[in-house]
Q: 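Structure incoming, see below.
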Amino acid sequence: MGYRVGVDIGGSFTDFAVLNEQTHQIHTLKVLSRPDQPGSEILTGLSQLQQRDGIEPQHIDYFTHGTTVGINAVIQRRGVRLALFATEGFCDVLELARLKIPHIHDLFSRRPAPLITRDRVFAIKERTDRHGTVLQPVDRQSVLDAIDQARAAGCQGIVVSLLHSYRNRHNEAAVKAIIDEVAPELLTSCSADIWPIIREYERTITATINAYVQPMVIQYLESFEQALHTMGVKPPPRITKSNGGVMGVEQAKSECVQMVLSGTASGVIGASFLASACGFDKILSLDIGGTSADVAVIVDGQVAQGNGEIIGDFPIYIPSVAVTSVGQGGGSLAWIDNQGVLQMGPESAGSLPGPVCFQRGGTQPTATDAFAACGMIGHGDLGYNAVKVDVAAARAAWQPLADQLGITVEETAETAIELAISSMYGDTSGLLSRFGLDPREFWFLAFGGAGPMMGCFLARELNMKGVIVPPTPGVLSALGGLVADIRNDFIRTLYSDLDTTLADALATEAEGLSQRARGWLCEQHGTDMPFTLHYSADMRYRGQSFEIEVALQPEWLAQANVAALHEAFDRQHQLLFGHCDANAPVQIINLRLVIASPTPKPTLNILPDATEPVAVAKRVSAWIDGASHQVDVVVRASLRAGHHLNGPVIIAQDDCTTCVPPQMQVDVDTFGNLLITPVEAN
């Protein structure tokens, strides 16, 4: 009997989902993360699975893993100190960026400080033109001088991003060779190696984020590998990628940016799988963990893909699941600013010390502590008995802030909740507007440790159709990693008019990408893997500043069917913008290829029909919507298909707590999902 294991390591908890390959049933587990001892949470989880469910590590055939270590480092600005080596005369690339402020309607909006400040950007004498011709070879002395200055500035890594390296990476490689020769202790990321795209800022910021998290990621992955070896897990681990696929550990170490959205993408893939299997066609996934709250659009089981996703304050320009961070997480810390105003986040308590109510050394109250102080959580152990919630400790932590504000503990805690929900509301509204979505047509699929706790409060503010809480919401990201397909992206910049002069090159470039993709799959995963190839191109009308992605048929490229490509672009432009011009000249900027190989999927359990009324475990007092309420507490495991509950109600289970406010109701469907809707909707 073999097992396939998916693990998601978040800032607060590490989640396990195990697929029995014979029965297609899922086992789940949640343990505390240990950022102070990376890899120890793997040992703990596998040991508990062995003791509880008899899952022997040597019987594990497949092990995949998603993590938020990269995105958390960027959000919290805990990466390494970097230097940037740029072409002489082009050293202001990160300072200039796109000359945009984050929020154009906010008079107080400010552009974030760059990850590499201007005093750590050093000029390299070299030049490549837009056609890829080297006009000036790398001046060795300028590189040596830059290395000396980087060392003097205390830098731990170097980003090399030179003009037009997407066309020809020769000069970047030459700079890296000199760095490796004289300063091998400095980790070096070349922009053309990370993601060779046109546009200098986009290429540079992507390489910068890669280097910013790389030492932390490498240390983390090495600890992770050692933990698996210690437990006797034989297959090499795979890492969930930002695009929703998986890759090998060695690729993850060198291309860290590809896993920055690893844990986030895992959750979206899990939500997509469940939405499709359960028949929900319009979903917004709502993943709230300890550090952030993330939303993605899922229509007909398909996850929206994108480029330029925002990580903390910065975009990354790699293919990725289109996820938007819309607020803080359950571990976000509360504080009072110099004006005496209560604030939430962005700093998070993580798993150590964690929320005060988790009794692991935390002293500053968090969003989770706010729910505990209001009586909405703390009616059972969390994290599969890993955490006992101390409500009294949470209330004590809120008392100093309440005294400073001159209001009660309950009012202070509820204000903190409202602040967190308000932050999520503003960003989610912007996301809905950007995609032109009507929130009344969409469900939230709430998961993560804090998603079910906060989801209903956000959904009612947005006037959503309702909230879906899956059977094991706290470990959905681990399930997503388990069901994620093997997938990788390849790109080739053409930057050419779409005309007969390009025709001969199209087939050649497409075949070149295909050979690279097949070679990658063979190297990473073996020769007997079934796969599919999906071509697309970034195209625009000549004179436009930005392009759109257009799906392409392989035969169009093989036959150099320029007319078919033009028509496909016109159709996509019409769909997105309501107009097109069949007579206007078109440019093809990038040719893209995705290779994907499917993985086995689990079978969803069918919940037995209800034959008895809902069993109420106990009745408690909770502060909700500015008043005290008597609230039923129901154990999730006691619910059956067809059960109905009216809010306010608290539903407790091993991996999270679902909080349902007044004027909302809960129905349990045949798959065991909680369908939470406004009372007035019926």
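Nothing fancy with the numbering, it's 1 onward along the sequence.
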Q: Around atom CD of Gln553, are there more than 12 heavy atoms of other residues, nucleotides or ligands at under 6.0 Å?
A: yes

Q: Counting only N and O atoms by type, is there a donor-acceptor contact under 3.5 Å from the side chain of Lys601 to the main-chain atoms of Thr599?
A: yes

Q: What I'd like to find out is whether the side chain of Leu575 reaches to under 4.5 Å of the side chain of Gln572, using heavy atoms alone.
A: yes

Q: Under the 3.5 angstrom rule, does the side chain of Arg169 hit a backbone N or O of Ala192 as a donor-acceptor pair?
A: yes

Q: Determine whether Ile179 and Val160 make a side-chain contact, defined as any pair of heavy atoms from C-beta on separated by less than 4.5 Å.
A: yes

Q: Between the side chains of Gln587 and Arg542, does any donor sit under 3.5 Å from an acceptor?
A: no

Q: Run the salt-bridge test on Asp538 and Arg592 with the 4.0 Å N-O cut-off and return the result as yes or no.
A: yes

Q: Go through Asn168 and Thr128 one step at a time and tell me if the side chain to side chain donor-acceptor pair (under 3.5 Å) criterion holds.
A: CA-CA 8 Å; Asn168 185 345; Thr128 300; 5.7 Å; no

Q: Got Leu221 and Ile239 here, is their nearest side-chain heavy-atom distance under 4.5 Å?
A: yes

Q: Can you see which heavy atom on Ala584 is nearest to which on His566, and at what distance?
A: O-NE2, 3.0 Å

Q: Could you give me the CA-CA distance, side-chain angles and deciding distance for His573 and Asp581, then say whether side-chain contact (heavy atoms from CB on, under 4.5 Å) is met?
A: CA-CA 9 Å; His573 200 280; Asp581 186 349; over 6 Å; no

Q: Is the shortest side-chain heavy-atom distance between Leu187 and Val80 below 4.5 Å?
A: no

Q: Any donor and acceptor pair, going by atom type alone, linking the side chain of Ser276 with main-chain N or O of Phe273 inside 3.5 Å?
A: no

Q: Between Glu255 (side chain only) and Ile194 (backbone N and O only), is there a donor and an acceptor less than 3.5 Å apart?
A: no

Q: Walk me through whether Met464 and Phe442 qualify under side-chain contact (heavy atoms from CB on, under 4.5 Å).
A: CA-CA 6 Å; Met464 301 282 291; Phe442 280 77; 4.0 Å; yes

Q: Just by distance, no angles: are the side chains of Thr493 and Asn590 close enough, under 3.5 Å, to form a donor-acceptor pair?
A: yes

Q: Between His65 and Tyr220, is the ring centroid distance below 6.0 Å?
A: yes

Q: About how many Å separate CD of Glu555 and OH of Tyr535, when rounded to the nearest 0.5 Å?
A: 11.0 Å

Q: Which value, rounded to the nearest 0.5 Å, describes the distance between Leu533 atom CG and Ile595 atom CD1?
A: 5.0 Å

Q: Set out, in order, the CA-CA distance, both residues' side-chain angles and the distance that settles side-chain contact (heavy atoms from CB on, under 4.5 Å) for Val69 and Val217, then state yes or no.
A: CA-CA 7 Å; Val69 64; Val217 166; 4.3 Å; yes

Q: How many angstroms lie between CD1 in Ile198 and CZ in Arg167, if you round to the nearest 0.5 Å?
A: 7.0 Å

Q: Let's go through Arg518 and Phe531 carefully: what are the C-alpha distance in whole Å and the side-chain angles of both, what is the deciding distance for side-chain contact (heavy atoms from CB on, under 4.5 Å) to 0.1 Å, and is it a yes or a no?
A: CA-CA 9 Å; Arg518 295 166 190 260; Phe531 64 87; 3.4 Å; yes

Q: Determine the minimum heavy-atom distance between Thr87 and Leu162, stating which atoms define it.
A: OG1-CA, 3.4 Å

Q: Would you name the heavy atoms of Glu547 and Met539 that are closest together and state the gap between them?
A: CB-O, 3.0 Å

Q: Has Asp61 got a side-chain atom pairing as donor or acceptor with Arg4's backbone, closer than 3.5 angstrom?
A: no

Q: Given side chains that start at C-beta, do those of Leu261 and Val321 come closer than 4.5 Å, heavy atoms only?
A: no

Q: Between atom CD1 of Ile158 and atom CG of Leu186, what is the distance when rounded to the nearest 0.5 Å?
A: 4.5 Å

Q: How about Asp8 and Val475: do any of their side-chain heavy atoms sit closer than 4.5 Å?
A: no

Q: So, Ser320 side chain and Asn243 main chain: donor-acceptor pair closer than 3.5 Å or not?
A: no

Q: Identify the heavy atoms of Pro237 and Phe224 that sit nearest to each other, and give their distance.
A: CB-CE2, 3.5 Å

Q: Starting at CZ of Arg199, measure out to CD1 of Ile205 and round the result to the nearest 0.5 Å.
A: 16.0 Å

Q: Asp499 side chain to Thr501 main-chain N or O, any donor-acceptor pair under 3.5 Å?
A: yes

Q: For His534, is the NE2 atom crowded, meaning more than 12 foreign heavy atoms sit under 6.0 Å from it?
A: yes

Q: Minimum heavy-atom separation for Ala271 to Ser285, with atom names?
A: CB-CB, 3.9 Å

Q: Give a yes or no on whether Gln574 atom CD has more than 12 heavy-atom contacts from other residues, nucleotides or ligands under 6.0 Å away.
A: yes

Q: Of Val268, Leu432, Leu286, which is the lone residue that meets side-chain contact (heavy atoms from CB on, under 4.5 Å) with Val295?
A: Leu286

Q: Taking C-beta and beyond as the side chain, do Pro315 and Tyr201 meet within less than 4.5 Å on heavy atoms?
A: yes

Q: Taking Gln302's backbone N and O only, do any of them form a donor-acceptor pair with Asp300's side chain (distance below 3.5 Å, no angle check)?
A: no

Q: Could you tell me whether the side chain of Thr206 and the main chain of Ile316 form a donor-acceptor pair under 3.5 Å?
A: no

Q: Between the main-chain N or O of Ser191 and the side-chain N or O of Glu172, is there a donor-acceptor pair closer than 3.5 Å?
A: yes

Q: Quick one: are Ile468 and Leu274 in side-chain contact, heavy atoms under 4.5 Å?
A: no

Q: Of all the heavy-atom pairs spanning Phe490 and Trp520, show the shortest one and how long it is.
A: CZ-CB, 3.6 Å

Q: Measuring from atom OG of Ser242 to atom CD1 of Ile318, what distance do you get when rounded to the nearest 0.5 angstrom?
A: 4.0 Å

